[in-house]
Visitor: 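Attaching a single structure in structure tokens format; questions to follow.
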Amino acid sequence: MMDDTGWTPDMALGIPLFDEAHEALAEQIKLLTHCKDEDFAAGLAQLIDCLEDDFRHEETLMETIDYPALRSHREQHARVLATLHQLEMGDIKSGRAAVGLVLPWFHAHLATADTALAIALQMSGIEADA
């Protein structure tokens with residue numbers, strides 16, 4: 001089982017904009033796993049908003065460089081968002097279980113899909129942190 005420490009330095013991709021957004025998301029997930037029940041719904045809504053913003057930005061960059069794995073990468077994003085959107089805001093137990101699965105997914109997604117994207121962006125020479 002993975003711990004819930006959130007961000008670790010080995011998750012950095014070397015693109016400041018990605019790293020800052022990912023670090024903030026990891027911290028948000030960590031806070032959400034430890035928050036009081038009465039704060040959970042608001043925290044979950046905020047997490048979903050941040051994920052949508054982060055994913056939209058990544059997908060725009062992928063479109064800009066005509067990234068070959070755009071479709072599969074976008075599908076990974078869509079699956080996570082669909083799962084979170086389907087949660088009943090009043091069902092704290094299911095919500096916490098789902099958020100508990102987001103962090104391991106996030107670690108794996110960073111290590112695979114986002115790492116490949118970071119390499120492609122660096123090779124393309126476009127400034128991802130603009």
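Just so we're clear, the structure is a prediction, and the values are computed from it rather than from any experiment.
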Visitor: Do you know the tightest heavy-atom contact between Q28 and L47?
Guide: NE2-N, 3.4 Å
Visitor: Is a donor on one side and an acceptor on the other found under 3.5 Å between the side chain of S94 and the backbone of D91?
Guide: no
Visitor: Locate the shortest heavy-atom distance separating T33 from K30; write the atom from each residue and the value.
Guide: OG1-O, 2.6 Å
Visitor: Would you confirm whether Y67, through its side chain, and L117, through its main-chain N or O, come within 3.5 Å as a donor-acceptor pair?
Guide: yes
Visitor: Between H77 and E52, do the side chains contain a donor N or O and an acceptor N or O under 3.5 Å apart?
Guide: no
Visitor: To the closest 0.5 Å, what do you measure between CG (L84) and CZ (R79)?
Guide: 13.0 Å
Visitor: Among the clusters formed by ILVMFWY side chains lying less than 4.5 Å apart, do L81 and L25 turn up in the same one?
Guide: yes
Visitor: Enter the distance from E58:CD to L121:CG here, rounded to the nearest 0.5 Å.
Guide: 9.0 Å
Visitor: Give me the one residue out of L87, L44, D37 that meets side-chain contact (heavy atoms from CB on, under 4.5 Å) with I92.
Guide: D37
Visitor: Under a 4.5 Å side-chain heavy-atom rule over Ile, Leu, Val, Met, Phe, Trp and Tyr, are W105 and L31 clustered together?
Guide: no
Visitor: Under 4.5 Å between any side-chain heavy atoms of H109 and H73, yes or no?
Guide: yes
Visitor: Looking at CG of L32 and CG of L103, how far apart are the two atoms once the value is rounded to the nearest 0.5 Å?
Guide: 11.0 Å
Visitor: Within this structure, what is the CD1-SG distance for the pair I29 and C50, rounded to the nearest 0.5 Å?
Guide: 10.0 Å
Visitor: Identify whether the distance between the nearest side-chain nitrogen and carboxylate oxygen of K93 and E88 falls below 4.0 Å.
Guide: no
Visitor: Would you give the length of the straight line joining atom OG1 of T83 to atom CD1 of I48, rounded to the nearest 0.5 angstrom?
Guide: 10.0 Å
Visitor: So do the side chains of D53 and R56 get within less than 4.5 Å of each other, counting heavy atoms only?
Guide: yes
Visitor: Would a single hydrophobic cluster contain both F55 and L101, if residues Ile, Leu, Val, Met, Phe, Trp and Tyr are joined by side-chain heavy-atom contacts under 4.5 Å?
Guide: no
Visitor: Give a yes or no answer on whether the side chain of T115 reaches the backbone of L110 with a donor-acceptor pair at less than 3.5 Å.
Guide: yes
Visitor: Under the 3.5 angstrom rule, does the side chain of R74 hit a backbone N or O of A69 as a donor-acceptor pair?
Guide: no
Visitor: Kindly give the heavy-atom pair with the smallest separation between G95 and F40, and that separation in Å.
Guide: C-CZ, 3.3 Å
